[in-house]
Amino acid sequence: MLETLIAGRRPPYDFKKPVELGAGALGDYFFDELIQTRAFRRLRSVRFLGGINYLEVSYPNGTNWNTRYTRFQHSLGVAKLAAAYCKARELPVEEKRLVVAAALLHDVGHAPLSHSLEPVFLDVFGIEHHRATIAIIRGEALGGEITETLRRHGMDIERLIALISGQDTGFDGFFSGPINFDTIEGVLRTHKFVFAKASVPSPEDVMYAAMGGGGEANRNIVDEFWLLKNFVYQHVINSEDGALADKVCQAFMRNHIASFGAGDYFSKEEAVFRKLPGLKELLIGPDFRKNVWAHLDAEILYKSRKFFIAGDSDKGISRYKQEKHDQALSRPVGTSGGRTQQSERLLV
């Protein structure tokens, strides 16, 4: 089955609409029910990359080469990969439901503006997306629709949580390993967002190559993906713009923290922008890089990651490595701007 799927021709991957909704999405009406819950639909209002989504695509949003992706679209894409995996492995219905539900719900606990505001929600209210995801799945937040749906279909909720959290290392490590459904879809989606006209591998092709085991052709595809992940982190997520967008979102929230409560974590992006007057205008404005420093300290610190391949030999999944760094950006000298000075320190 896997060899047939690898060799088969597939339609181009659609990052805007990875899954056709309704009428048995992903081949099972059970997933339709999960997608229609209030908690999952809320992800339509949570941008995939947080503040940088508005910085990189200011206006208009939604054209062929200008699209701010959402956690809703990403989650559907991850579920699509999981469904393809289940088909290739010929898993029984019960295991397919577990795997695809875990993929579909893995990001259901993201806050408005995603990772950009999460550090403040964690510092002030003790909430972050892993805890929020578990709370929603257990019925402790956003009304319990997801929990009721899972129980009605006989889903083992604690096993589902273990899979999402990476504690369950089954299913070829596609929830717990460095090459996983979430990372494959998310990295390629991010590249498509910022470099819309560039060619990238299909998420399915990367997944099938990772499933295919050894062999030079498969290894080359996965290696290319891992190096593309490093490129995406260096030039988008941990770029100067990415760091500034995240830090200014956090600065705005801290300055307006009296307007926030723990419940705002589970709200929509439009509601959060109303509590942070001026933030959206700053992010989409033409002079962001000049004006942003009026809201920041003279130097900001943030975490950066680098991804690399360990040696030339075939070490399986262990060949894919990463390092974490402390990185700093300093305010440009003078009022006319200019490039910031960057420094980097390897984290022990």
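Note that the structure is a prediction, hence the values are computed from the model and not measured.
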query = Think Lys192 forms a cation-pi with Phe15, using NZ or CZ under 6.0 Å from the six-ring centre and within 45 degrees of its axis?
reply = no
ask   = Can we call the ring centroids of Phe121 and Phe266 under 6.0 Å apart?
value = no
task = For Asp32, enumerate each residue passing the salt bridge (charged side-chain N to carboxylate O under 4.0 Å, His left out) test, keeping only those at least two apart in sequence or located in another chain.
result = none
Table please: side-chain donor-acceptor pairs of residues 252-260 below 3.5 Å, with sequence neighbours left out.
{"residue": "Arg254", "atom": "NH2", "partner": "Asp123", "partner atom": "OD2", "Å": "2.7"}
{"residue": "Asn255", "atom": "ND2", "partner": "Ala251", "partner atom": "O", "Å": "3.2"}
{"residue": "His256", "atom": "ND1", "partner": "Phe252", "partner atom": "O", "Å": "2.9"}

task = Kindly indicate, with the supporting measurements, whether the criterion salt bridge (Lys or Arg N to Asp or Glu O under 4.0 Å) is fulfilled by Asp297 and Lys247.
result = CA-CA 10 Å; Asp297 293 333; Lys247 291 298 184 181; over 6 Å; no
note = Hits for side-chain hydrogen bond (donor to acceptor under 3.5 Å, both in side chains) against Gln250, two or more places apart or cross-chain, chain-then-number order -> none
message = Using salt bridge (Lys or Arg N to Asp or Glu O under 4.0 Å), reason through Asp223 and Arg319 one step at a time and then give a plain yes or no.
response = CA-CA 9 Å; Asp223 283 359; Arg319 67 195 264 108; 2.7 Å; yes
query = Short question: side chain of Arg42, backbone of Ser267 - any donor-acceptor pair under 3.5 Å?
reply = yes
Which residues share a side-chain contact (heavy atoms from CB on, under 4.5 Å) with Arg131, sequence neighbours left out = Leu122, Glu128
ask   = Do the rings of Phe40 and Phe72 sit parallel, tilted or perpendicular, given the 30° and 60° boundaries?
value = tilted
query = Taking atom CD of Glu20 as the centre, does the number of heavy atoms from other residues, nucleotides or ligands within less than 6.0 Å exceed 12?
reply = no
key: Ring centers of Tyr233, Phe307 separated by less than 6.0 Å   = yes
message = So for atom OH, which belongs to Tyr29, do other residues, nucleotides or ligands contribute more than 12 heavy atoms lying within a distance under 6.0 Å?
response = no
remark   = For Arg138, the side-chain hydrogen bond (donor to acceptor under 3.5 Å, both in side chains) test, sequence neighbours excluded, returns Glu158
request  = Test Leu26 against Val19 for side-chain contact (heavy atoms from CB on, under 4.5 Å), laying out the working first.
outcome  = CA-CA 7 Å; Leu26 300 161; Val19 172; 3.8 Å; yes
request  = Would you check if the side chain of Asp156 reaches a backbone N or O of Arg159 as a donor-acceptor pair within less than 3.5 Å?
outcome  = yes
query = Of all residues at least two apart in sequence or in a different chain, which pass the salt bridge (charged side-chain N to carboxylate O under 4.0 Å, His left out) check with Asp246?
reply = none
ask   = Rounded to the nearest 0.5 Å, how far apart are OG1 of Thr67 and CZ of Arg189?
value = 10.0 Å
inquiry  = Does Lys275 have more than 12 heavy atoms from other residues, nucleotides or ligands lying within 6.0 Å of its NZ?
reply    = yes
Under 3.5 Å side-chain donor-acceptor pair for Tyr13 and Glu185 = yes
Under 3.5 Å donor-acceptor, Asn218 side chain and Gly215 backbone = no
request  = Begin from the C-alpha positions of Ile300 and Leu244 and carry the test side-chain contact (heavy atoms from CB on, under 4.5 Å) through to its verdict.
outcome  = CA-CA 8 Å; Ile300 62 171; Leu244 290 172; 3.9 Å; yes
ask   = Parallel, tilted or perpendicular: which fits the ring planes of His115 and His129, with parallel below 30° and perpendicular above 60°?
value = perpendicular
inquiry  = With a 4.0 Å cut-off on N to O distance, would you call Arg289 and Asp241 a salt bridge?
reply    = yes
query = Regarding Ser114 and Arg71, is there a side-chain donor-to-acceptor distance under 3.5 Å anywhere?
reply = yes
remark   = Note: Val99 and Leu91 closest approach over all heavy atoms is CG2-CD1, 4.4 Å
ask   = With distance as the sole test, does Lys324 use its side chain to make a donor-acceptor pair with the main-chain N or O of Arg305 at under 3.5 Å?
value = no
ask   = Do you know the tightest heavy-atom contact between Pro201 and Val206?
value = CB-CG2, 3.9 Å
request  = Check the pair Thr147, Ile137 against side-chain contact (heavy atoms from CB on, under 4.5 Å), reporting the backbone distance first and the verdict last.
outcome  = CA-CA 5 Å; Thr147 314; Ile137 291 173; 5.6 Å; no
ask   = Are the side chain of Ser202 and the backbone N or O of Glu204 linked by a donor-acceptor pair below 3.5 Å?
value = yes
query = Looking only at heavy atoms, which two atoms of Ala298 and Trp293 are closest? And how far apart?
reply = O-CZ3, 3.8 Å
task = Could you check whether the rings of Phe195 and Phe231 sit parallel, tilted or perpendicular, using 30° and 60° as the cut-offs?
result = tilted
request  = Give a yes or no on whether the backbone of Thr183 and the side-chain of Lys229 come within a donor-acceptor separation of less than 3.5 Å.
outcome  = no
request  = Verify the distance criterion only: is there a donor paired with an acceptor across the side chains of His74 and Asp182 at less than 3.5 Å?
outcome  = yes
ask   = Parallel, tilted or perpendicular: which fits the ring planes of Phe171 and Tyr85, with parallel below 30° and perpendicular above 60°?
value = perpendicular
inquiry  = Could you check whether any side-chain N or O of Ser45 sits under 3.5 Å from a backbone N or O of Glu269, counting only pairs where one atom can act as donor and the other as acceptor?
reply    = yes
request  = Check the surroundings of atom CD in Glu270: do more than 12 heavy atoms from other residues, nucleotides or ligands lie under 6.0 Å from it?
outcome  = yes
